[in-house]
Amino acid sequence: MTAEAQDVTALLLSRIRDVPDYPKPGVLFKDITPLLADPDAFTALTDSLAELCSAHGATKIVGLEARGFILAAPVAVRAGLGFIPVRKAGKLPGATLRQAYELEYGTAEIEVHAEDLAAGDRVMVIDDVLATGGTAEASIELIRRAGAEVAGVAVLMELGFLGGRARLQPALEGASLEALIQV
């Protein structure tokens, strides 16, 4: 890691607040709202993610509901790329592609507009946190079903103890998985 990358990582870490026992006892929640409120930190995050999109040849960016939207939209603007929201099922009008995925207790579904992705698109998936990897894995499937290629997945923070990286590796099929911070 370069000195500049270390400086960015230190800045980002300094703006992430630990909230004990949220949303339930025993959980240490990583709150990114102080990072978003700091224009220097938010700019550093946006620039870092935009550089990853460029390095991996992305032509479009997918943001995962909901905090992924906050990160992915300014990254798309900075990188000069299109932004495509991947939403919870039932939130997008018109023709959509839908993908179910497993949660710890049950299942969920996400959707993307069918016409927003096509053959020739190289798509970078952006989210705030990689936890178990279920949503990212489902988004990869949606991207491929739309005929596009996955350039990679980029997140602000990876919670390594939850095993999301191991879950995603087969679905990535060689595409990159980048985490700016690993916890």
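Count residues from 1 along the sequence.
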*asked:* Could you report the tightest heavy-atom contact between Ala148 and Leu117, atom names first, then the distance?
replied: CB-CB, 4.3 Å
*If Ile, Leu, Val, Met, Phe, Trp and Tyr residues are connected whenever their side-chain heavy atoms lie under 4.5 Å apart, and connections chain through other members, are Leu180 and Leu130 in the same group?*
no
*Any residue meeting side-chain contact (heavy atoms from CB on, under 4.5 Å) with Ala41, in chain and number order, not counting sequence neighbours*: Leu11, Arg15, Leu35, Asp38
*Taking only residues two or more places apart in sequence or in another chain, which ones pass side-chain hydrogen bond (donor to acceptor under 3.5 Å, both in side chains) with Thr59?*
none
*Which residues, ordered by chain and number, are linked to Leu28 in its hydrophobic cluster, where ILVMFWY side chains connect at heavy-atom gaps below 4.5 Å, directly or through other members?*
none
_Minimum side-chain heavy-atom gap Leu49-Glu178 below 4.5 Å_ = no
*asked:* With a 4.5 Å cut-off on side-chain heavy-atom distances among I, L, V, M, F, W and Y, is there a chain of contacts connecting Val129 to Met124?
replied: yes
_Taking side-chain hydrogen bond (donor to acceptor under 3.5 Å, both in side chains) as the definition, give me every residue that meets it alongside Asp18, ordered by chain and number, with sequence neighbours left out._
Lys30
*Phe29 CZ: over 12 foreign heavy atoms closer than 6.0 Å*: yes
*asked:* Restricting to side-chain contact (heavy atoms from CB on, under 4.5 Å), what partner residues turn up for Glu137, sequence neighbours left out?
replied: Arg167, Leu168, Ala171
*asked:* Checking side-chain contact (heavy atoms from CB on, under 4.5 Å) between Leu64 and each of Val86, Val155, Leu71, which is the one that passes?
replied: Val86
*Kindly indicate, with the supporting measurements, whether the criterion side-chain contact (heavy atoms from CB on, under 4.5 Å) is fulfilled by Glu65 and Ile110.*
CA-CA 9 Å; Glu65 188 169 343; Ile110 56 174; over 6 Å; no
*With sequence neighbours excluded, tell me which residues meet side-chain hydrogen bond (donor to acceptor under 3.5 Å, both in side chains) with Gln169.*
none
*With the side chain counted from C-beta on, respond yes when Ile16 and Val183 share a heavy-atom pair under 4.5 Å apart, and no when they do not.*
no
*Using side-chain hydrogen bond (donor to acceptor under 3.5 Å, both in side chains) as the criterion, list what pairs up with Thr9, not counting sequence neighbours.*
none
*State the CE-CG distance between Met157 and Leu12, to the nearest 0.5 angstrom.*
9.5 Å
_Electrostatic pair Glu111:Arg87 at N-O distance under 4.0 angstrom_ = no
_Minimum-distance pair of heavy atoms, taken over all atoms of Leu81 and Cys53_ = CD1-CB, 4.2 Å
_More than 12 heavy atoms from other groups under 6.0 Å of CD on Glu4_ = no
*Reported CG-to-OG1 distance for the pair Leu142 and Thr96, which is rounded to 0.5 angstrom*: 9.0 Å
*Can you tell if the side chain of Gln99 reaches within under 4.5 Å of the side chain of Val112, non-hydrogen atoms only?*
no
*Are any side-chain N or O atoms of Ser139 and backbone N or O atoms of Ala136, one a donor and one an acceptor, separated by less than 3.5 Å?*
yes
*CD1/Ile61 to CZ/Phe83 distance, rounded to the nearest 0.5 angstrom?*
9.0 Å
*Nearest-0.5 Å distance, CZ of residue Arg98 to CZ of residue Arg145*: 10.5 Å
_Residues that Ala5 engages under side-chain contact (heavy atoms from CB on, under 4.5 Å), provided they are two or more places apart_ = Met1, Thr2
*Give every residue pair that meets the ring pair (Phe, Tyr, Trp, His ring centres under 6.0 Å) criterion with at least one member in residues 110-138, sequence neighbours excluded.*
none
*Working for side-chain contact (heavy atoms from CB on, under 4.5 Å), residues Leu52 and Ser176*: CA-CA 10 Å; Leu52 289 173; Ser176 72; over 6 Å; no
*Under a single-linkage definition using a 4.5 Å side-chain heavy-atom cutoff for Ile, Leu, Val, Met, Phe, Trp and Tyr, are Phe69 and Val75 assigned to the same hydrophobic cluster?*
no
*What side-chain hydrogen bond (donor to acceptor under 3.5 Å, both in side chains) pairs are there with at least one residue in residues 115-133, not counting sequence neighbours?*
Lys60-Asp121, Arg67-Asp128, Arg122-Glu149
*asked:* Which residues pass the side-chain contact (heavy atoms from CB on, under 4.5 Å) test with Asp21, not counting sequence neighbours?
replied: Pro25
*Please, which pairs that meet ring pair (Phe, Tyr, Trp, His ring centres under 6.0 Å) have at least one residue in residues 127-165, sequence neighbours excluded?*
none
_For the OG1 atom of Thr46 and the CD1 atom of Ile70, what is their distance to the nearest 0.5 Å?_
11.5 Å
*asked:* Are Leu97 and Val62 linked, directly or through intermediate hydrophobic residues, by side-chain heavy-atom contacts shorter than 4.5 Å (ILVMFWY only)?
replied: yes
*CZ on Arg165 to CG on Leu172, rounded to 0.5 Å*: 8.5 Å
*Would you name the heavy atoms of Ala175 and Ala151 that are closest together and state the gap between them?*
CB-O, 3.9 Å
*Look at the side-chain heavy atoms of Ile, Leu, Val, Met, Phe, Trp and Tyr, link any pair under 4.5 Å apart, and say whether Leu177 and Ile143 land in one connected group.*
yes
*Any idea which heavy atoms bring Pro170 and Ala166 closest together, and the distance?*
CD-O, 3.4 Å
